[in-house]
Visitor: 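Structure provided below as structure tokens; questions to follow.
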Amino acid sequence: MGRTLPTFTRYLEKELASWNNFRRALSKEDREIFDRLFRFAKRHIAEASHAARPIPFDALILSILLEQQKEIMTLKGSTPAMTLKGSTPVGALGNDRLKTAREEKNHIYLLPVLGVEDVRARYLD
Amino acid sequence: MREETGWLFDYYPRGSEMVFWFITDEHGPRLRLAQPYAPRCYVEAKDSKSLERFKMSLERSRSFRFEGPAREKDFWTAKERTLHAIQVVDLESSYKDLLALYRKHPDLSYYNCDIPFEQLYGYQNNLFPTALCRFRYEGESLIECIALEKHSDSDYPPIPLRVAHLHGEGYLSPNRAALRFLALEMEGRTIEWETNDLEDTLHSFNAYLDDWDPDLIWTTGGDSILMPCLFHLANVAGVPLRLDREAGIKRNLGQQGRSYISYGRIVYRDPDYPLWGRWHIDHRNCFLDRESDLEGLIEASRVSRLAVQRMARRSIGTGISSVQMANVSQHGFPIPWKKAQPEGWKTALQLIRADRGGMTYMPKLGVYENVVELDFVSMYPSIMTNFNISPETVNCTCCPEPETSVPELGYRICDKRNGLISGALVPILEKRIEYKRRMRATKDPDEYRRYNNRQTALKWLLVCCFGYLGYKNARFGRIEAHESICAISREMLLRTREISEEWGYSVLHSLVDCVWLKKSGQSHEEVERLCRAIEDATNLPIGIEGHYSWLVFLSSKQYDDLPVPARYFGRFEDGSMKYRGIEIRRSDQAPVVQFVQGELLELLSQADSLEACRKLEPQLRAIALEAERRIVEREVSLQDLLLKRQLSQSPGEYKSTTMAATAAKQAARLGQDLIAGQEVYFVVIDSKAGNPDARVCVVDLLAPETDYDVEFYLVQLRRAVRTLFDPLFGKPKENTRTQPLEASQQVFDFH
């Protein structure tokens, strides 16, 4: 779009692609964790971009470290900065935590998602 | 000699004259007057030798006459220097001659010479389209015309137009045209022609045009088919059409539009069929009409001094360019043609710092209550005017050590001059604030709509002015000014975040010029005080977009732990909903999916808390289930299943067998002349079929008995439903992956 330099988002994509051989050699479980690390970095694109460092990889690593520290604090039970009173962050804290929070409050409305067959069975047969 | 008051309907160059059309009252005849016009252009030569050579070429040109040296100010440095004046003697042929001159003498600088003459006339005489004027004339010649209004006036009586609609059905190919049906409609009267006898039809059409004499003719698809078809047939039948009020207009009957790339997307534009002395506006070829109706189009035309038909067909960028040129011209500077300001040198590190846009944070995923959204009011234009950021003020030559410089980048900002390009925005910014104030004050829905249309048109002009600074072909573009605005916007967003956190708010999300803040027990008054504190710290106006009863920030579609900016939905305390990035807003979704999501959002708008949302769950699920049943039982009309895709290339160029490519090829086989940027509509028939042609059916081939792919549309529907349900009611259990529908989801995931 008429830019001279790639944006940090584009840089992340290219960086990830450049690690493709490493990624392929990983076991399936490790690969999922590896991908997760890059998603950690994606959460701080604005900050990393604002750093405007000549070597963007530094900002990528720091973003990952930051998110890891958050996870460590969550696991230790100390409150990470992102938990807010009165809200129920989805995903950010993981699904399990959400579910327990819900089950405590007796708000489980999890209907099974219907397949075509179910709908047919219900309405057509 | 006579003197009258009336609206300046239109004006354009013809030979060596300007032609003017006036409307003095709603019902009377329109008045055509003419006035000789010989505007002055300038050239600047490096040495006398190149000037002599230029003069020799000029003698052979029909359109220009050399006048002599003139002292004029330079826009970029504000210093006087010697230019050479040239008079334009033939307005219509001058642009062609100018291009020939430029090819021969590219070393000269040219001023004022490429601007459409009605615009130049407007700048120099303080006139603009639809202005109410006092004018004096003798016979058919205009002696003097003085506008009784200013383009910055926000209170102006609407110009009384006779508006007609022209409908037609026809066929058009490069060598053949046919008309099946034609209808003209005006003020409740309609005339239809069967078109069996073409010559009769055209004569009768002409007679009605003369009798009803409409000022504005609306069409849908007039630029692409109807007008070229009519003109083509009139040529064949030897009956000159009276669509133009001006006699003796010759036009090229081209039918092919253009494709070009804008913001990384291919855009298609229809050819132009404007009229002379009358307006023809094509609903399909007019961005501002879609956004803001005729009211907005006229507003933009008045502010930019661009003829209404040109404003209708050109991009907003052309409008903002004209606003800038008008301000430059009225401050006594000749307007440079080709840009002579190259980008300055930077080190790699400076480039890394400078070449960035606004800040796009990732939201904190989740569902929230007690959230307020603050938006900076027209942030980028406000930065330009409040910080004096203009192409000629950034790194100016006159202030080596100025008082102010740009954060992060250190660019110097001129102390001495007020930017003309930024200054041109002030009246527009003020006018827009005024319209918004009136919108809040009025109770009359008509008035509300009028002001809303006008302010929307102005919004688009403002949006565009910033981008144009970074556009390499823009006359007053300057990348350093563009970078400065981005740098200031980042600094001010950071300050906003810092202040909000100091005041005890959590920043959930921030996006270039807006922030979402959360704090329990916040009051409207407190947030107002916060806004004033932010304004003090940033020197930019900020306001409350709204208080949310509840708000959901959504994750990316692929990973539920990956936030994406600007994908959210929520309810304001007044009961209105705001949503971005979800299916209902996306142009690639089937209408049926969007209807259902709309229905769900409508119901959700009743819930004033998350608790209330959850109470609505059974009703919401019932809506979704009913929609699924309608899809399965084939009760959905094909119209509601149409998918729309914009072509990125011509059908023949596609090598892939994506749905869009296949549909485009089907259309091409039907003889449709599609090119890149145009849209193709189709229904999915059987997404898993081995033969790509059996997967989709282009809209033109649909028959009432065409059967659609139930499973495909169910998945589409479910995805849209889950966008809303998952964050509010939790995700369904993990075993979904084993269900047949989920497994097949990837197969036809065509994003």
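Per chain, numbering begins at 1; letters A, B, ... match sequence-line order. On a predicted model such as this, the values are computed, not experimentally measured, just so you know.
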Visitor: Which atoms of Leu494(B) are under 4.5 Å from chain A, going by heavy atoms: the side chain, the backbone, both sets, or neither?
Guide: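 Contact with chain A involves the side chain of Leu494(B) alone.
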
Visitor: What residues form a salt bridge (Lys or Arg N to Asp or Glu O under 4.0 Å) with Lys28(A), not counting sequence neighbours?
Guide: Glu32(A)

Visitor: Is it the backbone or the side chain of Arg36(A) that comes under 4.5 Å from a heavy atom of chain B, or both, or neither?
Guide: side chain

Visitor: Counting only non-hydrogen atoms closer than 4.5 Å, does Ser555(B) touch chain A with its backbone (N, CA, C, O), its side chain (CB onward), both, or neither?
Guide: neither

Visitor: According to the ring pair (Phe, Tyr, Trp, His ring centres under 6.0 Å) rule, which pairs have a member within residues 38-77 of chain A, sequence neighbours left out?
Guide: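 Qualifying pairs: Phe34(A)-Phe38(A).
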
Visitor: How about CD1 on Ile55(A), more than 12 heavy atoms from neighbouring residues, nucleotides or ligands closer than 6.0 Å, or not?
Guide: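 No.
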
Visitor: With sequence neighbours left out, what residues match Asp707(B) under salt bridge (Lys or Arg N to Asp or Glu O under 4.0 Å)?
Guide: Arg634(B)

Visitor: Between Ile352(B) and Leu5(A), what is the shortest heavy-atom contact and its length?
Guide: CA-CD1, 3.5 Å

Visitor: Just so I know, are the side chains of Phe8(A) and Arg356(B) near enough to count as touching, which here means a heavy-atom distance under 4.5 Å?
Guide: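 Contact flag for Phe8(A)/Arg356(B) side chains = no.
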
Visitor: Tell me the residues of residues 10-20 of chain A whose non-hydrogen atoms fall below 4.5 Å from those of chain B, in number order.
Guide: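 Near chain B, by residue number: none.
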
Visitor: For the NZ atom of Lys364(B) and the CZ atom of Arg43(A), what is their distance to the nearest 0.5 Å?
Guide: 11.5 Å

Visitor: Rounded to the nearest 0.5 Å, what's the gap from CG on Leu562(B) to CG on Asp35(A)? Could you check?
Guide: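 Going from the CG atom of Leu562(B) to the CG atom of Asp35(A) covers 11.0 Å.
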
Visitor: Please check if the number of heavy atoms outside Arg497(B) that lie under 6.0 Å from its CZ is greater than 12.
Guide: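 Correct, the count exceeds 12.
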
